[in-house]
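See below for the structure under consideration.
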Number of protein chains: 2
Amino acid sequence: MEKSAVRIKDIAAKANVSVGTVDRVLHNRGRVSEKVRQKVLRMMEELDYEPNLIARALGSNRTYQLAVVQPDHLIDPYWQAPWDGIGKAAKELKQYGVTVTMYPYELTEVASFVAQAEAATQSAPDGILIAPLFYRESLAFFARWQAESIPYVLFNTYIAELPALSYVGQDSYQSGFLAGKLVQFGQAEPGTYLIAHIAEDIANSLHVTQKERGFRDYFAQLPAPAPGAPGAPANVVSIALPDPTDPSFARQLNRLLDDETVQLRGIFVSTSKAYEIAPYLQAYHREDVRLVGYDLLEKNIHFLHENVIDFLINQNPHEQGYQGVFALADQLVFKKEVPPLKYLPLDIITKENLRYYVGE
Amino acid sequence: MEKSAVRIKDIAAKANVSVGTVDRVLHNRGRVSEKVRQKVLRMMEELDYEPNLIARALGSNRTYQLAVVQPDHLIDPYWQAPWDGIGKAAKELKQYGVTVTMYPYELTEVASFVAQAEAATQSAPDGILIAPLFYRESLAFFARWQAESIPYVLFNTYIAELPALSYVGQDSYQSGFLAGKLVQFGQAEPGTYLIAHIAEDIANSLHVTQKERGFRDYFAQLPAPAPGAPGAPANVVSIALPDPTDPSFARQLNRLLDDETVQLRGIFVSTSKAYEIAPYLQAYHREDVRLVGYDLLEKNIHFLHENVIDFLINQNPHEQGYQGVFALADQLVFKKEVPPLKYLPLDIITKENLRYYVGE
DNA sequence: AAAGCTTGCGTGTGCGCACACATTATTTTG
DNA sequence: CAAAATAATGTGTGCGCACACGCAAGCTTT
């Protein structure tokens, strides 16, 4: 393949300067005459120099503090997976002098979010990874970090207003689109398809509305039924349900399932809480209603095995955490280019392929 | 989190010996009295020493030669992806002194396989990654490598006879099982489901028969139709087709599609060549026949977009190559434990989530 | 014009480890 | 019992790089 890698020393020799000078142009530390600078750069080109990252990490005692702001994994089980992914990345990057500090906030408390984001900012980290569940409150922090030129990476929720270093997560729109396919595929008869939002502040949560748009667009683009064939086009309705402990949650669901005028074909739950809907379908013996949701939570998996949930879309939370941290490390430690958008795959999970996705 | 990492030097100090002695017990180079040895080991325990791999890679000039034996990527497009994955791994590991040499063989030529495996062996590598498509011929090589204690990793095709360091790839049985689900899901009416093997030497290719077993078992475990409900249980038939250039390929397919006594519901192609079947379905306008196959080849993707192929199962060839190389590196370079079985997920691909899987 | 700056370079040390080599203790041998 | 052999341990160098420092020459100051 290649000859033994070229070193700073080789460039120095070729350019008739010392290694110190090469180092200076390499890191733009100034104190080099333009003439020499150009010469060194030319030599680096010619020899196709690539710094030895191993040696670099060893030689520099530079350390990087990363702050992670995400919901507490002890409160909501979904957040265990990104937490683990972040931990894994932290372990691998420890040798490169990277330290990761967590700032967990309470999923539903704006104040907690603000407090932890503030704490993270105060710690003056070299980079920030954040799951910005609260749209409005996030923007102010983005602005501050931008002003202080602290690179920050978004995950789980995409906010495009201020340009972050990178976003790691799913394409919410396409994710809803896919959900449409999964809920409708193979069902020839016309009928109603439901998209259910559970305990979501829709107005302050962009990606949920994107999922709904995708879902609706899937049905909109379906070919019209053949002329003469039975059936009107599919009917899509959306419903915003409260927290499942709220009595109106059960009331609304029961009313829906009791209503014999709607031909319910499928339900798409826009969050990881499909397991809250599943018991109702089971109670009503509605095996004919397709149920699609998100994420491989234990309770979801249970209903997947019971054939109540038909498909789960895996949001790859583990990867989101892992790659989120690595995006920062790539930027800071390895000086690599970081793509501004890293869409994780929309894994389709059924009972049959589940086992290869859990516990990665 | 943790204090600054402990170094050899720290252990040496704590045990009242020199770093050289610690180094000797660390690498089992002998020349250390048992008493001191135990003491040093105890100190390492106490301080929870973990070697700094960065420094290790730098300090030792040790290099590792890896040999990869896989089908030529220029002949069959499927093999491009593992090739790329291997290349990516090679690039990342280069700094750790790992060099990867490819020994491509001709997919269908046993002699070529043997010749390249022989060449790889002759090069006396430190580790071998191999896609052992030819069952019988592989065994002899495994035995030799075992005798010479060269660690070898299998990918793509699992052979359990001799214990390799690791296998990276899919669970073929479950993969067939999943294919059954995909081909049947949502189809209430009874009928015939076909599993098609294209140009495969089934007798000498274990994983194809495993796929078929899984496929058949899926239908066997389906709940029997409700009493009084219409329909006999699904009928599964298998067919071994020759190379598509062979005139009998077209003849057999045409006969099958012309036969009006079979209610064909779906076809599962056990290899990546679903695109060879798709044109026939298209010509016969059999949109009702579900088609499921493997891998994101350009031609398959084409028919996925045309709605002729309904699902593709992604074998993750890129990951197979990447992780295969890393399994060897983990063993040799990083002295990590390597799991003997690394099942890659069975990704379900549709038109809607395709884009996030191509070009990873 | 002497004392400061600034610029443009070279030198030296250390990061944690591997490994060759030097040195000192302990046996073995003639 | 001294000499030789061997076992046990210590020392030193280099891997490629970052970074602090040193040093000379030209340039301002007052």
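Side chains are part of it too, since the values below use all heavy atoms of this structure and drop only hydrogens, waters and symmetry mates. A, B, ... follow the sequence lines: proteins, then strands. Residue 1 opens every chain.
One atom, CG of A:Leu47, and another, P of D:dG16, lie 14 Å apart when rounded to the nearest Å. Note: CZ (A:Arg56) to P (C:dG16) measures 18 Å, nearest angstrom. The separation between B:Asn52 atom CG and D:dC15 atom P is 18 Å, rounded to whole Å. Rounded to whole angstrom, the span from the OH atom of A:Tyr96 across to the C1' atom of C:dC15 amounts to 14 Å. Summarising the geometry, the separation between CD1 on B:Ile8 and P on D:dT11 is reported as 15 Å, rounded to the nearest angstrom. Rounded to a whole Å, the CE atom of A:Met44 is 11 Å from the P atom of D:dC17. Taking atom CD1 of residue B:Ile54 and atom C1' of nucleotide D:dG16, one finds them 13 Å apart after rounding to whole Å. Rounded to whole Å, atom P of D:dA8 lies 19 Å from atom CG of B:Asn16.
Looking at B:Asp347 and A:Tyr357, their side chains do bring a donor and an acceptor atom within 3.5 Å of each other.
Within a 6.0 Å sphere centred on CD of A:Glu161, heavy atoms belonging to other residues, nucleotides or ligands number more than 12.
Taking only side-chain nitrogens and oxygens, A:Arg29 comes nearer than 4.0 Å to OP1 or OP2 of D:dC19. OP1 or OP2 of C:dC17 lies within a sub-4.0 Å distance of a side-chain N or O belonging to B:Tyr49. The shortest distance between the side-chain N/O atoms of B:His27 and the OP1/OP2 oxygens of C:dA18 is below 4.0 Å. Residue B:Ser33 has no polar side-chain atom (N or O) positioned under 4.0 Å from OP1 or OP2 of D:dA7. Remark: A:Thr21 is not in phosphate contact with C:dG8, judged by side-chain N or O atoms under 4.0 Å from OP1 or OP2.
Nearest nucleotide to the side chain of B:Arg7, out of C:dA18, C:dG16, D:dA18: C:dG16. Taking only side-chain atoms of A:Leu26, from C-beta outward, the nucleotide of D:dT9, D:dA18, C:dA18 with the closest atom is D:dA18. Considering only side-chain atoms of A:Val17, the nucleotide from C:dG10, D:dA8, C:dA18 that sits closest is C:dG10. If you check D:dC17, D:dC15, C:dC17 against the side chain of B:Asn61, the one that comes closest is D:dC15. Between D:dA8, C:dG10, D:dG10, one nucleotide has an atom nearer to the side chain of B:Ser18 than all others, and that is D:dG10. For B:Val32, taking side-chain heavy atoms from C-beta onward, the closest of the listed nucleotides C:dC17, D:dT9, D:dA18 is D:dT9.
At a threshold of 4.0 angstrom between heavy atoms, the contacts of A:Leu58 include nucleobase atoms, whether or not backbone atoms are also involved. Base engagement by B:Arg31 is indicated by at least one non-hydrogen atom pair under 4.0 Å involving a base atom. Within the 4.0 angstrom heavy-atom criterion, base atoms lie near A:Asp23.
Relative orientation of the A:Phe113 and A:Phe141 rings is perpendicular, given thresholds of 30° and 60° on the angle between their planes.
Looking only at side-chain heavy atoms (C-beta outward), A:Trp83 and A:His318 stay at 4.5 Å or farther from each other.
Cation-pi geometry between A:Arg144 and A:Phe142 is not met: the NZ or CZ atom fails to fall both under 6.0 Å from the ring centre and inside 45° of the normal.
For B:Arg24 against D:dG10, a side-chain-to-base donor-acceptor contact under 3.5 Å is present.
Using a 4.0 Å cut-off between charged side-chain N and carboxylate O, B:Glu34 and B:Arg37 make a salt bridge.
Taking for each of A:Arg62 and B:Val19 the nucleotide of DNA chain D with the nearest heavy atom, the 5'-most of the two is the partner of B:Val19.
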